[in-house]
*Asks:* 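This is the structure, below, for whatever I ask next.
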2 protein chains.
Amino acid sequence: MVAASADTARGAELAHNASFLLARASAVASQRDNRALAPLGLKVRSFSVLALALDAQPPTQREIAEFLRLDPSQVVALVDDLESRGIVARETDARDRRAKVVAVTDAGRALYAEARELVADVTTHLDAADASAFLRSVEQLAFEEE
Amino acid sequence: MVAASADTARGAELAHNASFLLARASAVASQRDNRALAPLGLKVRSFSVLALALDAQPPTQREIAEFLRLDPSQVVALVDDLESRGIVARETDARDRRAKVVAVTDAGRALYAEARELVADVTTHLDAADASAFLRSVEQLAFEEE
DNA sequence: TATTGTTATACTCTATAACTATA
DNA sequence: TATAGTTATAGAGTATAACAATA
């Protein structure tokens, strides 16, 4: 595969198209991480839910859905899976009994520690000088207003 | 939505996770571009095929599949759509009569010029100082070896 | 009346295997 | 024997609407 930089190379018109570059980079990264996490029975999605449940203030399913840009109904299935395996537990939110807070169990905490070792640190794949600018930028794009 | 930078904020554990950040940024970007392209009957996918067909050396379907990380069978459907609308045309590759080269028609060239105006320039959404490092990095990640 | 989680459903996207024509 | 495109199909992911419990 040839890089998309030179004007005469394959994909010259796409070389600076954000949607294309992000889609391809995202596919590469999540495919790699899904493979790495497979031995633990996790995917990037379920790993992300687990990571969110570790927040100092555990999130409701609604908050998980917004943060991961998923439909609330998709979060149901993800939490169902993690809960059935004893990795997280649903707890009724004391402040709003409609909402369910997703809390990590001790087993979940241990699993996360293992999983974190398996997912790639993006900066190891980048020129060191560009890494911090990349993280700033991708976070900026990820959390843009609609 | 709160940014994922501070250690006590929502998503602290995910703030530097490449798969998550890239997936979210990719979702934001392609959703925006899909909306922008809708009036022309294009999506990011079909726009990308059209852009590739504009290469100095028009690509075969196989080359399009590799570049966009799609299965060849998905490219069939995308080219079917574009061809039925007179935007591209399949031509048997003279050097290998199994392969089909995807060439842009004059109508396709005109449509692409319109479409290119509609898709967002990523750099307008970034801190100017970070933009070039971001493009270098995301391209590096997008075209990493498996 | 509005919102959270849930279920059901349809739609799109993705992955796989088989077929044909060429190599 | 292997490869490019095609077709069919099944699985995963996504989007929408409706419902019960709660606000």
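Chain letters run A, B, ... following the sequence lines, proteins first and then strands; every chain starts at 1. As a basis for the values below, the full set of heavy atoms in this structure was taken, side chains included, without hydrogen atoms, waters or symmetry mates.
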*Asks:* Of all residues at least two apart in sequence or in a different chain, which pass the side chain to side chain donor-acceptor pair (under 3.5 Å) check with Asp127(A)?
*Replies:* none

*Asks:* dG5(C), OP1 or OP2 - any side-chain N/O from Arg62(A) closer than 4.0 Å?
*Replies:* yes

*Asks:* What is the distance, to the nearest angstrom, from the CG atom on Leu68(B) to the P atom on dA15(C)?
*Replies:* 13 Å

*Asks:* Whether the Arg10(B) and Gln57(A) side chains hold a donor-acceptor pair (N or O, under 3.5 Å, no angle test) is what I'd like checked.
*Replies:* no

*Asks:* Which residue pairs pass the ring pair (Phe, Tyr, Trp, His ring centres under 6.0 Å) test with at least one member in residues 69-104 of chain B, sequence neighbours excluded?
*Replies:* none

*Asks:* Under a 4.5 Å side-chain heavy-atom rule over Ile, Leu, Val, Met, Phe, Trp and Tyr, are Leu37(A) and Leu14(B) clustered together?
*Replies:* yes

*Asks:* Starting at the 5' end of nucleotides 8-14 of chain D, put B wherever the base has a protein heavy atom under 4.0 Å, S where only the sugar-phosphate does, and a dash everywhere else.
*Replies:* B----SS

*Asks:* Taking the six-membered ring for Trp, are Phe47(A) and Phe20(B) ring centroids under 6.0 Å apart?
*Replies:* no

*Asks:* Which residues pass the salt bridge (charged side-chain N to carboxylate O under 4.0 Å, His left out) test with Arg109(A), not counting sequence neighbours?
*Replies:* none

*Asks:* Within this structure, what is the CD-to-P distance between Glu63(A) and dT3(C), rounded to whole angstrom?
*Replies:* 15 Å

*Asks:* May I ask you to decide if the ring planes of Phe134(B) and Phe134(A) are parallel, tilted or perpendicular, using 30° and 60° as cut-offs?
*Replies:* parallel

*Asks:* Test of understanding: with side-chain contact (heavy atoms from CB on, under 4.5 Å), list the residues that count as partners of Glu91(A), not counting sequence neighbours.
*Replies:* Ala103(A)

*Asks:* Listed in order of residue number, which residues of residues 79-105 of chain B have a non-hydrogen atom at under 4.0 Å from DNA chain C?
*Replies:* Asp96(B), Arg97(B), Arg98(B)

*Asks:* Could you give the CD-to-P distance, from Gln61(A) to dT7(C), as a whole number of Å?
*Replies:* 10 Å

